[in-house]
**Q** 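Just dropping this structure here.
Sequence lines set the chain letters: A, B, ... in the order given, protein chains first and strands last, and positions in each chain run from 1.
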Amino acid sequence: MALFGLIDANSFYCSCERAFRPDLVGRPVVVLSNNDGCAIARTAEAKSLGIRMGDAYHLIRNKPELRDVVWFSSNYALYADMSRRIFEVISGHVPSVEPYSIDEMFMDLSGLSDVAGRMHVLRYDVLRATKVPTCVGFGPTKTIAKLANAMAKANPGMAGVCDLSQSRYRDALYRDTPVSEVWGLGRRTCEKLGTLGVTTVSQFVRMPSARVRKTLTVVGERIHAELQGVSCLDLEEVSAPRKGATVSRSFGAAIVTFDELRQALMTFTSRLSEKLRAENSVAANLHVFMSTGFPAPGRAPHGSARQVRIQPTSNVFDLQRHAAAMALEMWRDGIEYRKAGVMATEILPQDQVPQDLFSLTQDGKSRGDRISETMDAINARFGKGTVRTLSMALGRDTWKPRAEMLSRRYTTCLEELPEV
DNA sequence: TCTGGGGTCCTAGGACCC
DNA sequence: TCTGGGGTCCTAGGACCC
């Protein structure tokens with residue numbers, strides 16, 4: 001029988017910060033979203049002070065009861081590298097791992113003996129190697145493993161590991177668990193189920209499949225089967241190629257001149273082209289959007305978006321040229337722009353691109369492609385942003401998101417190594 | 001002054017094809 | 001007079017996830 005495990009880091013971003021700041025153990029820590037906008041990760045101590053996911057920093061920062069909270073801007077370079085380290089440790093313990101998000105990994109545990117014992121050892125090794133505490137849940141399907149993981153987090157008595165492999169363990173749990181705890185059943189779906197009188201997992205599981213399908217389509221039917229122990233979702237060791245890629249940001253301050261907006265968009269486009277090249281893919285469709293952001297009194301919301309089909313490319317110069325042209329068409333004087341972004345869709349592997357007869361070179365790469373690759377190589381060697389296109393370098397940095405409480409990139413940047 | 005960023009999948013309806 | 005059966009692709013919108 002198949003057995004799936006899910007390992008998930010506790011307050012992952014906060015735990016990464018604590019890993020290099022042991023003085024913060026036992027203290028309330030919060031990590032903020034980009035632009036220091038809102039709370040996206042909280043330690044148990046911060047949660048118990050009443051800080052909720054998504055609380056706006058500017059509204060809570062001065063509350064007297066939160067004076068001891070240690071706030072951090074988000075440091076994705078650090079979190080991504082810590083995630084990679086956790087993956088390495090797990091890979092040494094189980095036959096196959098599927099990274100599901102930056103702080104969660106599914107594992108194939110089929111056929112292993114003493115699974116619970118092994119999971120305790122795994123948790124210990126992850127903690128020893130990275131200082132990041134985790135919880136593990138396991139069961140016959142991914143959906144059950146996910147639920148088991150939530151149980152392990154909620155019940156300290158389980159010592160971080162929850163076993164839902166046997167249906168007799170599940171029956172009691174299902175009676176006391178609201179449907180909203182189930183992976184894939186969000187707010188809307190739970191409202192719909194509520195009108196049918198279904199509020200607990202056990203009520204949901206007892207619904208006839210046909211009725212589930214009628215009300216929640218095949219998506220709900222799959223979750224329904226998974227909760228009954230019928231596996232519908234496989235472990236995906238090789239990640240499917242991505243279908244789209246986006247780089248967007250809210251600005252640190254409103255932008256009122258086209259030059260500033262263009263500089264921001266050219267930086268986003270450069271980052272987008274790096275993402276494409278890192279996966280040896282190209283995009284045939286480029287989108288640009290800009291908006292005033294959240295509506296406010298006395299400020300009319302405004303947003304615009306454009307897209308263009310292009311000769312498939314990942315070359316930074318071509319992408320920037322198209323993005324700049326669309327931005328110029330959309331720009332309106334007198335509007336305070338607070339957010340913008342670029343998106344690539346219709347992504348395909350570079351070696352599947354039909355060649356343009358008139359610009360063909362020997363290896364199918366243009367001059368711009370070669371320069372882009374050379375820039376990647378230099379930036380990999382000497383640090384991000386060492387070489388940039390001129391369009392990104394000009395002008396001021398008014399658009400840059402706020403990040404006033406940024407920790408060091410302890411593990412990925414020589415100048416920022418921890419000092420002992 | 002003040003609220004993140006990045007994804008995936010499914011459905012319904014229209015256009016079009018043979 | 002009245003009119004089959006089967007398909008694909010695209011888009012917008014909804015829902016969900018971390």
Side-chain angles (χ1 to χ4, degrees), chain A residues 6-13 30-41 51-62 71-76 79-80 83 98-106 142-143 146 149-150 179-193 213-223 232-233 236 239-256 268 271-272 275 279 285 287 289 291-299 301 305 307 309 336 338-347 398 400-404:
Chain A
L6 179 73
I7 180 164
D8 175 323
N10 305 345
S11 311
F12 180 56
Y13 296 171
V30 174
V31 173
L32 301 170
S33 65
N34 261 322
N35 215 22
D36 295 341
C38 59
I40 56 170
I51 301 174
R52 288 161 306 179
M53 192 75 168
D55 277 352
Y57 175 56
H58 71 97
L59 294 179
I60 60 173
R61 60 185 295 181
N62 291 322
W71 311 90
F72 285 98
S73 302
S74 35
N75 181 347
Y76 289 100
Y79 312 149
S83 178
E98 172 197 334
Y100 172 65
S101 75
I102 196 164
D103 75 325
E104 286 175 65
M105 321 216 175
F106 281 107
K142 281 182 157 181
T143 305
K146 197 90 165 109
N149 182 277
V179 269
S180 56
E181 297 272 311
V182 176
W183 184 40
L185 300 181
R187 188 171 54 89
R188 293 297 177 143
T189 305
C190 291
E191 281 170 12
K192 214 182 267 183
L193 288 170
R213 179 164 192 148
K214 208 173 165 189
T215 33
L216 305 182
T217 80
V218 296
V219 184
E221 192 184 29
R222 196 155 52 208
I223 296 168
C232 305
L233 303 168
E236 286 163 33
S239 52
R242 71 159 96 229
K243 298 182 173 173
T246 307
V247 178
S248 75
R249 290 289 180 280
S250 295
F251 302 134
I255 279 184
V256 293
F268 301 162
R271 179 73 200 105
L272 185 70
K275 276 190 187 181
E279 299 184 359
N285 212 316
H287 310 238
F289 52 91
S291 75
T292 51
F294 281 80
R299 186 167 89 202
Q307 59 170 296
R309 293 193 56 83
E336 297 187 343
R338 285 181 181 75
K339 182 174 180 171
V342 291
M343 175 164 64
T345 56
E346 290 179 54
I347 291 177
T398 41
K400 285 207 171 156
R402 279 184 297 274
E404 290 165 1

**Q** Quick one: pull up CG in A/D8 and OG in A/S101 and give me the separation to the nearest 0.5 Å.
**A** 7.0 Å
**Q** Distance check, rounded to the nearest 0.5 Å: A/R402 atom CZ versus A/S250 atom OG?
**A** 9.0 Å
**Q** What's A/D55 touching, base or sugar-phosphate or nothing? Going by heavy atoms closer than 4.0 Å.
**A** nothing
**Q** Would you say that A/Y13 contacts A/I40 through its side chain, given a criterion of any heavy-atom pair below 4.5 Å between the two side chains?
**A** yes
**Q** Tell me which residues in residues 182-192 of chain A lie within less than 4.0 Å of DNA chain C, going by non-hydrogen atoms.
**A** A/V182, A/W183, A/G184, A/L185, A/G186, A/R187, A/R188, A/T189
**Q** Are A/E104 and A/P99 side-chain neighbours, meaning at least one heavy-atom pair lies under 4.5 Å?
**A** no
**Q** Can any side-chain N or O of A/S73 pair as donor or acceptor with the backbone N or O of A/E404 at less than 3.5 Å?
**A** yes
**Q** Paired stems touching DNA chain B, three or more consecutive Watson-Crick or G-U pairs with both distances under 3.5 Å?
**A** B:5-18 with C:5-18
**Q** In terms of heavy-atom contacts, does CZ of A/R242 have more than 12 from other residues, nucleotides or ligands at under 6.0 Å?
**A** yes
**Q** Considering heavy-atom distances to DNA chain B, does A/V247 or A/V218 have its closest nucleotide positioned more toward the 5' end?
**A** A/V247
**Q** Considering heavy-atom distances to DNA chain B, does A/P401 or A/R338 have its closest nucleotide positioned more toward the 5' end?
**A** A/R338
**Q** Give me the distance, rounded to whole Å, that separates B/dT3 from C/dC18 when you measure between the P atoms they each carry.
**A** 25 Å
**Q** What's A/Y57 touching, base or sugar-phosphate or nothing? Going by heavy atoms closer than 4.0 Å.
**A** nothing
**Q** In Å, rounded to the nearest 0.5 Å, how long is the span from OG of A/S83 to CG of A/D103?
**A** 7.5 Å
**Q** So is A/K400 actually on top of A/F251's ring, under 6.0 Å and inside 45° of the axis?
**A** no
**Q** Salt bridge check: are A/E279 and A/K275 linked by an N-O gap of less than 4.0 Å?
**A** no
**Q** How far apart are the C-alpha atoms of A/E221 and A/K214, what are their side-chain angles, what is the distance that settles it, and do they pass the salt bridge (Lys or Arg N to Asp or Glu O under 4.0 Å) test?
**A** CA-CA 9 Å; A/E221 192 184 29; A/K214 208 173 165 189; over 6 Å; no
**Q** Using a 4.0 Å heavy-atom cut-off, does A/R61 contact any base of the nucleic acid, only the sugar-phosphate backbone, or nothing at all?
**A** nothing
**Q** Is A/A254 touching bases, backbone alone, or none of the nucleic acid, heavy atoms closer than 4.0 Å?
**A** nothing
**Q** I'd like to know whether A/T345 forms a side chain to side chain contact (heavy atoms under 4.5 Å, CB included) with A/K243, so could you lay out the CA-CA distance, the side-chain angles of the two residues, the decisive distance to 0.1 Å, and finally the verdict.
**A** CA-CA 6 Å; A/T345 56; A/K243 298 182 173 173; over 6 Å; no
**Q** With heavy atoms of chain A within less than 4.0 Å as the criterion, where does contact along DNA chain B begin and end?
**A** B/dC2 to B/dT11
